[in-house]
Amino acid sequence: MVTRTVILVTPSEAAAFEATSTLSSSSSAVVADSIINSSPFEQNSIHYTSCTKRAQHPSPGGLVQLCRQKGCFHAVDFERRGGGLCCIHQKGPMDREQNDSSEDDAKIHGVTADEGFSDRHSPHGNNYGLGDEVGKKRALTSMESISKNKTKKRQKVDAFAIDLTDVPPQSPIPKSAGRIKEGASKYTGVNFNKQMNKWRVQIDIKGKNRTIGYYENEEEAAVDYARAFVKYKNQAALGKAREQDSFIIDLTDVPPQSPIPKSAGRIKEGASKYTGVNFNKQMNKWRVQIDIKGKNRTIGYYENEEEAAVDYARAFVKYKNQAALGKAREQDSFIIDLTDVPPQSPIPKSAGRIKEGASKYTGVNFYKQMNKWRVQIDIKGKNRTIGYYENEEEAAVDYARAVFKYKNQAALGKAREQDSFIIDLSDVPPQSPIPKSSGCVKEGASKYTGVSFDKAMNKWKALINIDGKSRHIGRYENEEEAAVDYARAVFKYKGQGALDKAREAKEENSFAFDLRDIPPQLPIPKSAGHIKEGASKYKGVSFNKSTNKWHAKIMIEGKARFIGSYENEEEAAVDYARAAFKLKGQGALDKARERSSR
């Protein structure tokens, strides 16, 4: 249904209304408003699009039909058959039909209820809603609210529930004194929730933080945390947590000690200048921690950095000793001073020694935590930090200056000569690798001479000894390629004769022991006077520290032959006896046993 807006006007008002077609857009709208609301022009300042054509045959009085377009008060031109629209809002037939069926019903409301007024001039306000909500605008549903509703629907409900009905009571896990913050719980797993004004208990289960419950009483909360610990972890884990958390640092009987200052090179920006002290941003205090038997223990939190450093020194005295404190103080107080040292050229590494992402200079490495280049030097067997640098070259220059000062010019020249040596195999033809004898191949090691596996880079590394110095040839993905380059380096820097000799020596050492057909034999014990401290008590057996295993060897024609490596000392001794039985005979074995028993 299409609603028409009709007003009753006098002849004078009709004449005035006819004049609106000749006024400007703002004036015409104001005139129309003035006629309808019986108010002066000055009281209205709302602007609407005006009709540029005068209304045809306005009535000298009586009823005048206005444009049904919302907010338009121009008279309808009946001659144009505009469907109740003024000359501006008249459209084509298709648009007119659509307007008649949809737009009019949505834009013109409450004509009868508002006594002939349009929505804009209704005394009840813009009543776009229906029902009892008169005078209120109904808010449209925003895209944000729609997306939120969709998000809520997508959210999965976590059905995990903590059930402690079958778990007996457990004693709480107290925190150590140093771990208790002001206002926090003295028990592990318990914290105070200010919003609910209760103690909240949470536990980590398979990487997810689970809430056990909220409690009025702190002790009850701690008991339930311990019960959950037993159920969802185990009793052993509970005991371990209790042991770890119950450790208390007690310094009541320890006199004050002077702090342990860090060396200048070890002090990061914003860090403490004392050893054992760091700033905790969450608590906005200085925290003191000490390592006791491989476990990091918190001593406490302090407002003052010096007080924190004093307590660290006191803990050092109590839980280590005075000598250890003096040693730590001596080590940390060492300061690298390069003010009187002139600039020195850096010491470049050889191409084979440069790892991916590493520095190309000796003594320099990239420190990821500070995102800077760090320089360190060994002085009298102790690694000293020179400083941290934004620029790699500056770092390398200071390392060379430190070598010059704390070693000497000769050591600097020697280091530069050693590191600048480059292995060049571009003119060397391929050479066959030099295999190791079977007895010389350790578990996980290369079967070729000169090749070893570098775990840090996960590659095979080739090294060669030239003039008493170990030179780096390169790193390889393939073991055989590394062995070929080692053989090429031997050929170039030692000669074909040395390469052939190395291959011949390996062939001689390729002696293999086959003891499968030899029955077990009793070990040959050493006489008491022949057993050195840490050595084996059996003949032919020695402990190899590099492999951490027992090695069995036997002398054959003046050469020591490798039998094998063993976890067990007795097994190594048995195989030695079996080898002696096979290669020398029962008589030699009995004679060796008789000799050892004297």
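The shortest side-chain heavy-atom distance between Ile203 and Val201 does not fall under the 4.5 Å cut-off. The closest side-chain heavy-atom distance from Leu463 to Lys461 is below 4.5 Å. Using a 4.5 Å cut-off on side-chain heavy atoms (C-beta onward), Val490 and Thr449 make no contact. Contact of the Trp286 side chain with the Ser272 side chain is registered, since non-hydrogen atoms from C-beta on lie closer than 4.5 Å. Looking at heavy atoms from C-beta onward, Glu477 lies out of side-chain contact with Trp460 at the 4.5 angstrom threshold. By the 4.5 Å heavy-atom criterion applied to side chains, Ile292 and Lys320 are not counted as neighbours. Between Lys492 and Asp427, some side-chain heavy-atom pair lies under the 4.5 Å cut-off. Taking 4.5 Å as the limit, some side-chain heavy atom of Glu567 sits within range of a side-chain heavy atom of Lys549.
Looking at every heavy atom in both residues, Pro172 comes nearest to Pro174 through O-CD, 3.3 Å. Heavy atoms only, all atoms of each residue included: Lys360 and Glu392 are closest at N-OE2, 3.0 Å. What you find for Tyr232 and Asp163 is that their closest heavy atoms are OH-N, 3.1 Å. Contact detail for Ala498 and Lys494: the closest heavy-atom pair is CB-CB, 3.6 Å. Looking at every heavy atom in both residues, Phe192 comes nearest to Lys198 through CD1-O, 3.5 Å.
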Evaluation steps, side chain to side chain contact (heavy atoms under 4.5 Å, CB included), between Phe366 and Asn371 = CA-CA 7 Å; Phe366 190 74; Asn371 200 33; 3.1 Å; yes
Checking side chain to side chain contact (heavy atoms under 4.5 Å, CB included) for the pair Asn548/Phe543: CA distance, chi angles, key distance, verdict?
-> CA-CA 7 Å; Asn548 201 32; Phe543 188 75; 3.1 Å; yes
Trace of the side chain to side chain contact (heavy atoms under 4.5 Å, CB included) decision for Ser565 with Trp550 = CA-CA 5 Å; Ser565 58; Trp550 296 97; over 6 Å; no
Please assess Gln202 against Val190 for the test side chain to side chain contact (heavy atoms under 4.5 Å, CB included), listing each intermediate value before the final yes or no.
-> CA-CA 7 Å; Gln202 291 178 310; Val190 181; over 6 Å; no
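A donor-acceptor pair is defined here as one N or O able to donate and one able to accept, closer than 3.5 Å; no such pair exists between the side chain of Arg374 and the backbone of Gly387.
Ring centroid separation for the pair His551 and Phe562 comes in under the 6.0 Å cut-off.
Atoms CZ and CG, from Arg471 and Asn465 in turn, are 9.5 Å apart once rounded to the nearest 0.5 Å. Distance OG1/Thr298 to OH/Tyr301: 5.0 Å, rounded to 0.5 Å.
Under a cut-off of 6.0 angstrom, the local environment of CG in Asp253 is crowded, with over 12 non-hydrogen atoms contributed by other residues, nucleotides or ligands. The local environment of NZ in Lys553 is sparse, with at most 12 non-hydrogen atoms from other residues, nucleotides or ligands closer than 6.0 Å.
Contacts of Asp378 classified as side-chain hydrogen bond (donor to acceptor under 3.5 Å, both in side chains), with partners at least two apart in sequence or in another chain: none.
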Which side-chain N or O atoms in residues 219-226 pair as donor and acceptor under 3.5 Å with protein atoms at least two apart or in another chain?
unit_1 : atom_1 : unit_2 : atom_2 : d
Glu219 : OE2    : Tyr187 : OH     : 3.4
Asp224 : OD1    : Arg227 : NH1    : 3.0
Asp224 : OD2    : Tyr215 : OH     : 2.5

